[in-house]
2 protein chains.
Amino acid sequence: MKTADPELMRAINRFHVMDAIRRFGPISRVEISDRTQLSATTVSAITGALLDDELIITHQLGGIRDAARGRPRVMLELNPAAAYVVGVKLALDQITVATTNFRADVLSSLVLPIRLQRQSVTVIADLVEDGIRRSVADAGLTMEQISGVCVGLPGVVERLAGVCRASPIFGERDVPFAAEMTDRLGGVVATIDSDVNLVTLAEHWFGQARGLDDFLVISVEAGLGLGIMHNGELFRGANGLSPDLGDLMVRPPTGNGSTRLASAASEASIVAEAREIVAGGEHEHAFRLGRGLEKILELAEAGDPQILALLERAGGALGFAIANLITLFAPPKVIMAGAALEAGDALVGPIRRTVAELLPPSLADVSDIVVHHWQDDIWARGAAAMTLRDLYGAPWNTTGPVVHR
Amino acid sequence: MKTADPELMRAINRFHVMDAIRRFGPISRVEISDRTQLSATTVSAITGALLDDELIITHQLGGIRDAARGRPRVMLELNPAAAYVVGVKLALDQITVATTNFRADVLSSLVLPIRLQRQSVTVIADLVEDGIRRSVADAGLTMEQISGVCVGLPGVVERLAGVCRASPIFGERDVPFAAEMTDRLGGVVATIDSDVNLVTLAEHWFGQARGLDDFLVISVEAGLGLGIMHNGELFRGANGLSPDLGDLMVRPPTGNGSTRLASAASEASIVAEAREIVAGGEHEHAFRLGRGLEKILELAEAGDPQILALLERAGGALGFAIANLITLFAPPKVIMAGAALEAGDALVGPIRRTVAELLPPSLADVSDIVVHHWQDDIWARGAAAMTLRDLYGAPWNTTGPVVHR
DNA sequence: TCGTTTAATAAACAATGCGGATTAAATCTG
DNA sequence: CAGATTTAATCCGCATTGTTTATTAAACGA
């Protein structure tokens, strides 16, 4: 916590005003005053400055007026053109890039379906750079207009340092990918973060967790990700390290050895196991074509007992981990997502059952577990939100300016 | 986060000054200015107010003077008599009560060796009330001089609500114990918290984690407790719920069923298992007398293979949980304590080995695991610290005033 | 057209932190 | 031993901030 001076005071209140406008805009000054508990005068002063800086604009159409009397309220909203940011998501099999405006509206997006697994950092950076430049151009912008870039990727990421400690994407460890990208983009600051953190922020800003200050996000993709919103702030481990759900253990080392959750319930592990099940059979072809997951969902739908048992096992492992997370964090909501969860109840059922079974009675009803089918662009919006938050400037946190050394 | 006004500004800075005096006192105004980055003028103004309020006192002996020139520094320190608080710790087999001054020095303490397990809430409250009144009298004080009481107990505690959601102490759930005690003490506000949270705060203020902003505390007692310090703040789940380490699962529900950590590695479970091992043998007597743990340590020392295997299993389960916690929180330090850990390497060895084995490579070296042998009064000092923190008033957090409804 | 009502701003005020000048209290020096 | 020197602490004036109270702005209704 920093010491307080008038400047910090203003920064805090400006953030609150910005946050109210982002969340509820178009919104009038009086309503901001109501919501933030700031005096009308202060709101006037702050919005005046924000208007001068062109971070917000007036929205002259008063819209619906409750009381038809009196001077009409002037509605304020974020100026979409105040800044533009680029969000990038790296996955094992594709790169997604999107350019958004100051409201996190997606202006242009593109998907590069490229297997990154065996590529060097340089090659990946090349691809990302090209994608960014292309997306920016598609949006009708130049790089000079871009205020920031945020790259989300699976694994353990130390955001403040801009270093990816470990990721299925990179062969190496401790990759200073943020600095790498910043160098390439010529003046545009790039940051990196865990992909789940991006989507967690997106859920908080736009998604199922709007206004919810405590929740968990669990993504089941090629890898497994965990995002934690706690007290309205993204929770990170010490040093800003993002946890990796796949690194959790779901079995003690006694008996038949320990199992990392990633090798029990990730999309990759499920597909690999299913492939063994169907080996030599009529369905093997689909797996060769990389359409294994779809085939699994199809077989589950058809009631294939081996596949159902497989999903049961995976769901059990996931449920085990989720129960422990609920025990630790007691979140009112747990949001799950990932293509594998589309298998109806075949995977989600065992998860819910296991959680219900393993949760201590005192926590039985605290958490609402929901499945959210994400649009592809939610990652990009999350990346945008992450960058925009820096521009808004939440001053009290260590979210502060990112410094590459 | 509250909105900022000059009053909050002052509250924040006053807290920083108080914190510096608490941590480094006796300390001069210039040094406070150095450490807090506040201007000398501001420090002077704030310390002036604190002196007026008699929260701090001057310590005229300048002590060692580095530079023998110039006007000597006036040292400041907390006024021990500024406030008195009582800390209480409830365990299954005893009640510990201690009265401390504003510096968390223990003035008087007493231990009531009573089995609480089968007692009603009313009986327990009676005992606690008597203990408090007695300890206060022993310290030469009256109840009117007591600024606050904090009761620590194992289990899931919702501090802000003052409700114990679940605890081995109480048969019932959702016990509003804070309100119960506040009513009895006639005007003195009582709060409750997880016992591990108290000791975690104590470690932060006085113990092995002074100045460390991220660490975990794991207590192996009758039950298992987990305390989390994150970013210098005690971490609580949503709604201020303390997690309970014993509720973590350490085995998936496949095969031979799931296991709660409490039933694999708590002192109670270890003793119970050992008792079965020695059943009918020469050592059974010790267990009857409630000296089972001592006998276990003795047998482990002597190399009893069955006991060693038992401790190996328990250590494995604990190590499993700790590895997962490190994966989630990446704390630089993990502090463990509890009588069972005194068994030299018989228990700690397996823990360390399991953690090393299960931790992902990227987190292999982040955490330093230490064993701390707590004095009995550290709980009480933690309870005092918890209450004193409210008196100091960290203004930005939800640590705010506790309200019973 | 003028009064009413509500929104937004202006003016006056109080609290705060800060920088520079000033005072306080010790030692050093000749 | 008296004045110079050095360091600590405080005083004074200033800039910034938020709030309260009063004033202006902009609509509608009669």
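The sequence lines fix the lettering, A, B, ..., with proteins before strands; numbering per chain opens at 1.
Taking 3.5 Å as the limit, the base of C:dA10 and the side chain of A:T41 contain a donor-acceptor pair of atoms between them. Scanning atom types as modelled, one donor and one acceptor separated by under 3.5 angstrom connect the side chain of B:R71 and the base of D:dA8.
The CD1-C1' distance, from B:I46 to C:dA15, rounds to 13 Å in whole Å. The distance between atom CD1 of B:I12 and atom C1' of D:dG18, rounded to the nearest whole Å, is 14 Å. As a whole-Å value, the separation of A:K2 NZ from C:dC18 P is 13 Å. Atoms CZ (B:R69) and P (D:dT6) sit 6 Å apart, rounded to a whole Å. Atom CD of B:Q37 and atom P of C:dC18 are 10 Å apart (whole Å). The CE-P distance, from A:M9 to D:dT16, rounds to 12 Å in whole Å. Counting to the nearest Å, the P atom of C:dT16 and the CG atom of B:L8 are 12 Å from each other. Look at CG on A:L38: it is 16 Å from C1' on C:dA8, rounded to the nearest Å.
Residues A:L38 and A:S33 form no side-chain contact, since every pair of their non-hydrogen atoms from C-beta on lies 4.5 Å or further apart.
The distance from atom CD1 of B:I146 to atom CG of B:L185, rounded to the nearest 0.5 Å, is 9.5 Å. Between the CZ atom of A:F24 and the CG atom of A:D34 there is a distance of 11.5 Å, given to the nearest 0.5 Å.
Projected onto DNA chain C by closest heavy-atom contact, B:A40 and A:A45 fall at different nucleotides, the more 5' of which corresponds to A:A45.
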Go through it in stages, so that I can follow the logic: the residues are A:H230 and B:F235, the test is side chain to side chain contact (heavy atoms under 4.5 Å, CB included), and I'd like the CA-CA distance, side-chain angles, deciding distance and then a yes or no.
CA-CA 9 Å; A:H230 180 249; B:F235 180 90; 3.4 Å; yes
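OP1 or OP2 of C:dA7 lies within a sub-4.0 Å distance of a side-chain N or O belonging to A:R73. The side chain of A:N13 contributes no N or O atom lying less than 4.0 Å from OP1 or OP2 of D:dT17. In this structure, A:T42 reaches the D:dT19 phosphate: one of its side-chain N or O atoms is under 4.0 Å from OP1 or OP2. A:R29 has a side-chain polar atom (N or O) that falls below the 4.0 Å cut-off from OP1 or OP2 of C:dA8. A close approach under 4.0 Å does occur between a side-chain nitrogen or oxygen of B:R10 and OP1 or OP2 of C:dG17.
Looking only at distances, no side-chain donor or acceptor of A:H59 sits under 3.5 Å from a matching main-chain atom of A:V74.
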